[in-house]
Amino acid sequence: HLFSAISHSRTVSKTILLGTKPSAFKYKDLKCLIQEFVKFGLHKEFKFIIMWPVTQWRKRVLLELYFLYLHKIKKITLDVSILTSLSPLAYNAVVSSCSHLLLQSRGGGGAARLFLKLGLGKVCSVRGGHNGRFFKEGQSIELLEYSTFRELAENLKRDVDIPNNALKI
(Lines give C-alpha, C1' and ligand atoms only; values in the text may rest on other atoms or scores of the structure.)
Protein backbone atom coordinates (compact mmCIF):
# COMPACT_ATOMS: atom_id res chain seq x y z
CA HIS A 1 0.00 0.00 0.00
CA LEU A 2 1.28 3.41 -0.96
CA PHE A 3 0.09 5.12 2.25
CA SER A 4 1.70 2.42 4.40
CA ALA A 5 5.03 2.89 2.64
CA ILE A 6 4.83 6.65 3.07
CA SER A 7 3.89 6.45 6.74
CA HIS A 8 6.70 4.02 7.57
CA SER A 9 9.38 5.86 5.62
CA ARG A 10 8.66 9.41 6.77
CA THR A 11 10.57 11.10 9.51
CA VAL A 12 8.19 11.88 12.32
CA SER A 13 8.09 15.45 13.48
CA LYS A 14 6.51 16.05 16.83
CA THR A 15 3.35 17.85 15.79
CA ILE A 16 0.02 17.95 17.62
CA LEU A 17 -3.23 18.65 15.80
CA LEU A 18 -5.44 20.30 18.43
CA GLY A 19 -8.87 19.12 17.33
CA THR A 20 -9.95 17.72 13.99
CA LYS A 21 -12.26 20.54 12.97
CA PRO A 22 -12.70 24.27 13.46
CA SER A 23 -14.34 25.05 16.81
CA ALA A 24 -13.12 21.76 18.27
CA PHE A 25 -11.95 23.67 21.33
CA LYS A 26 -13.01 27.03 22.68
CA TYR A 27 -10.52 29.88 23.01
CA LYS A 28 -10.40 29.47 26.80
CA ASP A 29 -9.67 25.74 26.50
CA LEU A 30 -6.93 26.29 23.91
CA LYS A 31 -5.31 28.88 26.16
CA CYS A 32 -5.39 26.48 29.15
CA LEU A 33 -4.06 23.67 26.99
CA ILE A 34 -1.15 25.77 25.73
CA GLN A 35 -0.41 26.93 29.30
CA GLU A 36 -0.06 23.31 30.44
CA PHE A 37 2.15 22.43 27.49
CA VAL A 38 4.37 25.40 28.34
CA LYS A 39 4.53 24.42 32.06
CA PHE A 40 5.80 20.98 31.06
CA GLY A 41 8.22 22.35 28.45
CA LEU A 42 6.44 20.60 25.60
CA HIS A 43 6.44 23.79 23.52
CA LYS A 44 10.18 23.33 23.04
CA GLU A 45 9.82 20.04 21.18
CA PHE A 46 6.32 20.05 19.69
CA LYS A 47 4.67 22.03 16.93
CA PHE A 48 0.97 22.84 17.29
CA ILE A 49 -1.70 23.01 14.61
CA ILE A 50 -5.05 24.58 15.43
CA MET A 51 -8.13 24.46 13.22
CA TRP A 52 -10.02 27.75 13.53
CA PRO A 53 -13.35 28.83 12.02
CA VAL A 54 -13.19 31.75 9.60
CA THR A 55 -16.23 33.38 11.20
CA GLN A 56 -14.65 33.66 14.67
CA TRP A 57 -12.03 36.22 13.74
CA ARG A 58 -12.36 38.19 17.00
CA LYS A 59 -11.42 35.18 19.11
CA ARG A 60 -8.65 34.36 16.68
CA VAL A 61 -7.24 37.83 17.26
CA LEU A 62 -7.36 37.12 21.02
CA LEU A 63 -5.52 33.86 20.45
CA GLU A 64 -2.88 35.59 18.32
CA LEU A 65 -2.52 38.29 21.01
CA TYR A 66 -2.01 35.56 23.61
CA PHE A 67 0.77 34.04 21.49
CA LEU A 68 2.28 37.51 21.05
CA TYR A 69 2.16 38.00 24.85
CA LEU A 70 3.93 34.68 25.39
CA HIS A 71 6.58 35.59 22.85
CA LYS A 72 7.26 39.24 23.71
CA ILE A 73 6.55 39.41 27.45
CA LYS A 74 7.17 35.87 28.71
CA LYS A 75 9.92 35.16 26.13
CA ILE A 76 8.28 31.84 25.23
CA THR A 77 8.36 30.84 21.59
CA LEU A 78 5.71 28.51 20.21
CA ASP A 79 5.59 26.94 16.78
CA VAL A 80 1.87 27.30 16.02
CA SER A 81 -0.05 27.13 12.76
CA ILE A 82 -3.65 28.29 12.72
CA LEU A 83 -5.60 26.93 9.78
CA THR A 84 -9.04 27.89 8.54
CA SER A 85 -10.76 26.11 5.67
CA LEU A 86 -8.92 23.34 3.82
CA SER A 87 -9.70 21.12 0.86
CA PRO A 88 -10.12 17.42 1.75
CA LEU A 89 -6.72 16.64 0.24
CA ALA A 90 -4.98 19.40 2.21
CA TYR A 91 -6.80 18.34 5.38
CA ASN A 92 -5.62 14.74 5.00
CA ALA A 93 -2.07 15.98 4.36
CA VAL A 94 -2.18 18.03 7.58
CA VAL A 95 -3.54 15.10 9.61
CA SER A 96 -0.94 12.70 8.18
CA SER A 97 1.89 15.11 9.03
CA CYS A 98 1.13 14.94 12.76
CA SER A 99 2.53 12.67 15.45
CA HIS A 100 -0.37 13.32 17.86
CA LEU A 101 -4.05 13.85 17.22
CA LEU A 102 -5.99 15.52 20.01
CA LEU A 103 -9.64 14.67 19.57
CA GLN A 104 -12.46 16.81 20.80
CA SER A 105 -14.99 14.95 22.97
CA ARG A 106 -17.28 14.32 20.00
CA GLY A 107 -16.61 14.23 16.27
CA GLY A 108 -13.43 13.63 14.29
CA GLY A 109 -13.72 9.87 14.39
CA GLY A 110 -13.16 9.46 10.65
CA ALA A 111 -9.90 11.39 10.71
CA ALA A 112 -8.78 9.52 13.83
CA ARG A 113 -9.63 6.18 12.25
CA LEU A 114 -7.50 6.94 9.17
CA PHE A 115 -4.70 8.31 11.40
CA LEU A 116 -4.74 5.08 13.43
CA LYS A 117 -5.10 2.78 10.44
CA LEU A 118 -2.03 4.27 8.78
CA GLY A 119 -0.06 4.02 12.04
CA LEU A 120 0.76 7.72 11.99
CA GLY A 121 0.91 8.38 15.73
CA LYS A 122 -0.87 8.69 19.04
CA VAL A 123 -4.50 9.67 19.53
CA CYS A 124 -5.44 11.65 22.63
CA SER A 125 -9.02 11.68 23.89
CA VAL A 126 -11.01 12.93 26.85
CA ARG A 127 -11.51 10.09 29.31
CA GLY A 128 -15.09 8.87 29.13
CA GLY A 129 -15.90 10.95 26.03
CA HIS A 130 -17.68 9.58 23.00
CA ASN A 131 -14.50 9.20 20.94
CA GLY A 132 -12.58 7.56 23.77
CA ARG A 133 -15.30 5.02 24.39
CA PHE A 134 -15.65 4.23 20.69
CA PHE A 135 -11.95 3.59 20.10
CA LYS A 136 -10.98 2.13 23.46
CA GLU A 137 -13.99 -0.02 24.27
CA GLY A 138 -15.29 -0.67 20.78
CA GLN A 139 -12.00 -1.40 19.02
CA SER A 140 -9.50 -1.97 21.86
CA ILE A 141 -7.32 0.92 20.70
CA GLU A 142 -4.68 2.21 23.10
CA LEU A 143 -5.25 5.94 23.57
CA LEU A 144 -3.69 8.72 25.59
CA GLU A 145 -6.72 9.52 27.73
CA TYR A 146 -6.95 12.53 29.99
CA SER A 147 -9.36 14.21 32.37
CA THR A 148 -7.50 17.53 32.59
CA PHE A 149 -5.13 19.35 30.27
CA ARG A 150 -2.47 18.96 32.95
CA GLU A 151 -2.87 15.17 32.82
CA LEU A 152 -2.61 15.30 29.03
CA ALA A 153 0.62 17.32 29.20
CA GLU A 154 2.07 14.92 31.79
CA ASN A 155 1.30 11.86 29.67
CA LEU A 156 1.91 13.13 26.15
CA LYS A 157 5.24 11.33 25.84
CA ARG A 158 3.90 8.03 27.20
CA ASP A 159 4.56 5.07 24.92
CA VAL A 160 1.69 3.74 22.84
CA ASP A 161 1.90 0.67 20.62
CA ILE A 162 1.15 2.47 17.35
CA PRO A 163 1.71 -0.54 15.01
CA ASN A 164 -0.60 -2.69 17.14
CA ASN A 165 -3.27 0.03 17.04
CA ALA A 166 -2.99 0.10 13.24
CA LEU A 167 -3.60 -3.65 13.05
CA LYS A 168 -6.81 -3.33 15.07
CA ILE A 169 -8.48 -0.89 12.66
Side-chain angles (χ1 to χ4, degrees), residues 7 10-109 111-112 114-116 120-132 135 142-160 162:
S7 69
R10 71 187 181 107
T11 55
V12 178
S13 66
K14 292 184 175 182
T15 305
I16 305 171
L17 178 59
L18 303 175
T20 60
K21 60 184 180 180
S23 299
F25 295 99
K26 296 178 182 176
Y27 163 76
K28 180 180 159 187
D29 292 334
L30 283 173
K31 187 176 170 187
C32 290
L33 184 59
I34 296 294
Q35 285 173 343
E36 292 299 332
F37 287 160
V38 167
K39 282 181 193 173
F40 284 88
L42 298 171
H43 66 289
K44 296 175 184 173
E45 54 187 296
F46 283 91
K47 298 175 185 177
F48 305 97
I49 300 175
I50 299 170
M51 304 283 294
W52 198 262
V54 177
T55 57
Q56 293 185 8
W57 62 270
R58 288 177 184 88
K59 289 184 181 176
R60 177 170 176 174
V61 169
L62 288 176
L63 192 60
E64 296 278 6
L65 287 172
Y66 176 65
F67 295 143
L68 184 65
Y69 162 78
L70 287 176
H71 182 69
K72 295 294 183 186
I73 307 298
K74 293 289 193 174
K75 305 295 184 207
I76 295 169
T77 302
L78 297 172
D79 189 350
V80 179
S81 296
I82 301 175
L83 307 175
T84 53
S85 58
L86 296 170
S87 70
L89 182 60
Y91 175 77
N92 285 331
V94 167
V95 170
S96 67
S97 71
C98 296
S99 61
H100 293 71
L101 182 60
L102 179 57
L103 288 175
Q104 56 276 10
S105 59
R106 192 166 176 87
L114 181 62
F115 186 79
L116 289 163
L120 297 174
K122 301 173 187 178
V123 173
C124 311
S125 179
V126 176
R127 185 174 287 110
H130 182 265
N131 283 324
F135 286 111
E142 185 181 358
L143 303 171
L144 291 178
E145 290 189 294
Y146 65 95
S147 296
T148 65
F149 294 138
R150 179 182 179 87
E151 183 182 3
L152 173 63
E154 287 174 340
N155 294 318
L156 199 62
K157 294 183 190 177
R158 194 187 84 210
D159 286 334
V160 170
I162 295 168

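Since the model is a prediction, treat every value here as computed from it, not as a measurement.
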According to the interplanar angle, ranging from 0 to 90°, do the rings of Phe48 and Phe37 count as parallel (below 30°), tilted (30 to 60°) or perpendicular (above 60°)?
parallel
Nearest heavy-atom approach of Leu143 to Arg158 is O-NH2, 3.0 Å
With sequence neighbours left out, what residues match Thr55 under side-chain contact (heavy atoms from CB on, under 4.5 Å)?
Pro53
Sorted by chain and number, sequence neighbours left out, side chain to side chain donor-acceptor pair (under 3.5 Å) with Glu45 holds for Lys14, Lys157
Taking all non-hydrogen atoms of both residues into account, name the closest pair between Cys124 and Leu102 and its distance.
CB-CD1, 3.6 Å
Where is the tightest heavy-atom contact between Leu78 and Phe67, given as atom of each residue plus distance?
CD1-CD2, 3.6 Å
Sorted by first residue and then second, give each ring pair (Phe, Tyr, Trp, His ring centres under 6.0 Å) pair with at least one member in residues 72-102; sequence neighbours left out.
Phe46-His100
Who passes side-chain contact (heavy atoms from CB on, under 4.5 Å) against Val54, sequence neighbours left out?
Thr84
Should the heavy atoms of other residues, nucleotides or ligands under 6.0 Å from CG of Leu68 be counted, would the total exceed 12?
yes
Tell me, please, which residues at least two apart from Thr148 pass side-chain contact (heavy atoms from CB on, under 4.5 Å).
Arg150, Glu151
Output every pair passing salt bridge (Lys or Arg N to Asp or Glu O under 4.0 Å) with a member in residues 68-85, not counting sequence neighbours, ordered by first then second residue.
none
Side chain to side chain donor-acceptor pair (under 3.5 Å) partners of Glu36, counting only residues at least two apart:
Lys39
For Ser87, the side chain to side chain donor-acceptor pair (under 3.5 Å) test, sequence neighbours excluded, returns none
Quick one: which residue pairs count as a salt bridge (Lys or Arg N to Asp or Glu O under 4.0 Å) with a foot in residues 47-62, not counting sequence neighbours?
Arg60-Glu64
Just to verify, which of Ile50, Leu70, Leu63 counts as forming a side-chain contact (heavy atoms from CB on, under 4.5 Å) with Val80?
Ile50
Partner set under side chain to side chain donor-acceptor pair (under 3.5 Å) for Lys44, not counting sequence neighbours
none
Residue set satisfying side-chain contact (heavy atoms from CB on, under 4.5 Å) with His71, at least two apart, ordered chain then number -> Thr77
For Pro22 versus Trp52, what's the shortest heavy-atom pair and its separation?
CB-C, 3.7 Å
When you measure from the side chain of Ser125 to the backbone N and O of Glu145, does any donor-acceptor pair fall under 3.5 Å?
no
For Asp159 and Glu142, which heavy atoms make the closest approach, and how far apart are they?
O-OE2, 3.6 Å
How would you list, by chain and number, every residue that makes a ring pair (Phe, Tyr, Trp, His ring centres under 6.0 Å) with Phe135, sequence neighbours excluded?
none
Please determine whether side-chain contact (heavy atoms from CB on, under 4.5 Å) holds for the pair Thr20 and Gln104, giving the CA-CA distance in whole Å, both sets of side-chain angles, and the decisive distance to 0.1 Å.
CA-CA 7 Å; Thr20 60; Gln104 56 276 10; 2.8 Å; yes
Are Leu114 and Val95 close enough, and set up right, to give a side-chain contact (heavy atoms from CB on, under 4.5 Å), and what steps lead you there?
CA-CA 9 Å; Leu114 181 62; Val95 170; over 6 Å; no
Quick check: closest heavy atoms across Gln56 and Ser23, and the distance to 0.1 Å?
NE2-OG, 3.7 Å
